[in-house]
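Worksheet: one structure, shown below.
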Amino acid sequence: MRNHSSVTTFILLGLTNDPQLEIVVFIFLFLAYLFSVVGNLAIMVLILVDPHLKTAMYFFLQNFSFLELSFTTSCVPAYLHTILSGDKTISLEACFIQIFFIDVIGSTDFFLLAVMSYDRYVAICKPLHYVTIMNRRVCRNLILCCWASGLLVVSPPLGHGLLLEFCGSVINHYYCDASPLLKNSCSDTSLIEQMVVASAVLIFITTLVGMAVSYTCIIRTILKLPSVQQRKKAFSTCSSHLIVVSLSYGSCIFMYIKPSAKDDVDINKVVSLLFYIYCPLVESLNLHPEK
């Protein structure tokens, strides 16, 4: 296998080869991306300028909007440019850079979702101590921990991936993703596949356990509230967060928790649209600041 020439450029197949269907895909992705950008930017700016939105909840929401905006921007604009230009090639360096940003931002996103569930736990279960517990210094440290955790979890498999040799040049996706990229490798990818699955499981388990504990306490507290109106108001503060959590975890588990990264990934391209387009769009429409 080492006799193969080293590949430094890949070809992204995209979502379709039909020119007419590509127009439809371009319009859909462009509009969805535009709405996502406008929605998330609106949230970030509103929280920044409004003095009434300086609590921990809105601080986390602002950072979450930034992550969602960065997450979508890491892959969608490049594919839109590919459709317009017709150039489907991407260099090896650019491919790994795209994977790095997508994976780090995506991992940080999950850790932040867990932090946001803890914030809701403190707000509902310990309302009198909320301002004291979730002070500005604590919030900043939690954000830094989310970024550091995402970087630490992603670095080992990505670093090992840089050592692989590639003899194929076709990526069956519209952006650089680990699963279709590994299908082009001449090297033994079993170790890195196990590392990817282990990293994904580590992220899912740690964040899911944190959210499960938080929401168990939240539900118990809400059920003890005396009036129906109070219970509805408390549940409403968590509903949008739970919708985004369900969409994010469901689509990501479908894409990455599987036996081999060399399985057929055609359906993943469709599922990833939910993960990279629909989730940020739902977030911008539902997790809006309310005075």
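Position 1 is the first residue of the sequence; numbering continues from there.
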Compare all side-chain heavy atoms of [X] with those of [Y] and state whether any distance is below 4.5 angstrom.
X: V138; Y: I133; result: no
X: T206; Y: F110; result: no
X: N17; Y: K88; result: yes
X: V76; Y: F30; result: no
X: R136; Y: R140; result: yes
X: F28; Y: V25; result: no
X: L182; Y: L164; result: yes
X: F26; Y: L80; result: yes

Backbone N/O of [Y] and side chain of [X]: donor-acceptor pair under 3.5 Å:
X: D109; Y: I105; result: no
X: D119; Y: V115; result: no
X: S117; Y: A114; result: yes
X: S107; Y: V104; result: no

Same cluster or not: [X] versus [Y], using hydrophobic residues (I, L, V, M, F, W, Y) connected whenever any side-chain heavy atoms lie under 4.5 Å apart?
X: L202; Y: I102; value: yes
X: Y174; Y: L84; value: yes
X: L53; Y: L48; value: no
X: L144; Y: V154; value: no
X: W147; Y: F71; value: yes

Roughly how far, to the nearest 0.5 Å, is [atom2] of [Y] from [atom1] of [X]?
X: I143; Y: F64; atom1: CD1; atom2: CZ; result: 11.0 Å
X: Q98; Y: D103; atom1: CD; atom2: CG; result: 10.0 Å
X: I11; Y: D87; atom1: CD1; atom2: CG; result: 9.5 Å
X: L61; Y: E68; atom1: CG; atom2: CD; result: 10.5 Å
X: L41; Y: S36; atom1: CG; atom2: OG; result: 9.0 Å
X: T9; Y: L92; atom1: OG1; atom2: CG; result: 8.0 Å

For [X], is the [atom1] atom crowded, meaning more than 12 foreign heavy atoms sit under 6.0 Å from it?
X: Y121; atom1: OH; value: no
X: F96; atom1: CZ; value: yes
X: K54; atom1: NZ; value: yes
X: F66; atom1: CZ; value: no

For the residue pair [X] and [Y], what are the closest heavy atoms and their distance?
X: P77; Y: T72; value: CD-O, 3.7 Å
X: L142; Y: F60; value: CD1-CZ, 3.9 Å
X: L69; Y: T73; value: O-OG1, 2.6 Å
X: M57; Y: Y130; value: N-OH, 3.2 Å
X: T132; Y: N135; value: O-ND2, 3.0 Å
X: I171; Y: C176; value: CD1-SG, 3.9 Å

Could you walk me through whether Y175 and L12 pass the side chain to side chain contact (heavy atoms under 4.5 Å, CB included) test, one step at a time?
CA-CA 7 Å; Y175 69 93; L12 297 170; 5.6 Å; no

Tell me yes or no: SG of C167 and SG of C186, less than 2.5 Å apart?
yes

Go through I124 and I222 one step at a time and tell me if the side chain to side chain contact (heavy atoms under 4.5 Å, CB included) criterion holds.
CA-CA 8 Å; I124 295 175; I222 291 176; 4.1 Å; yes

Between V197, T189, V196, L191, which is the residue that forms a side chain to side chain contact (heavy atoms under 4.5 Å, CB included) with E193?
T189

What's the verdict on disulfide bond (SG atoms under 2.5 Å apart) for C217 and C125, showing C-alpha distance, side-chain angles and the deciding distance?
CA-CA 7 Å; C217 297; C125 301; 5.7 Å; no

Name the orientation class of the two ring planes belonging to F10 and F166 (parallel below 30°, tilted from 30 to 60°, perpendicular beyond 60°).
perpendicular

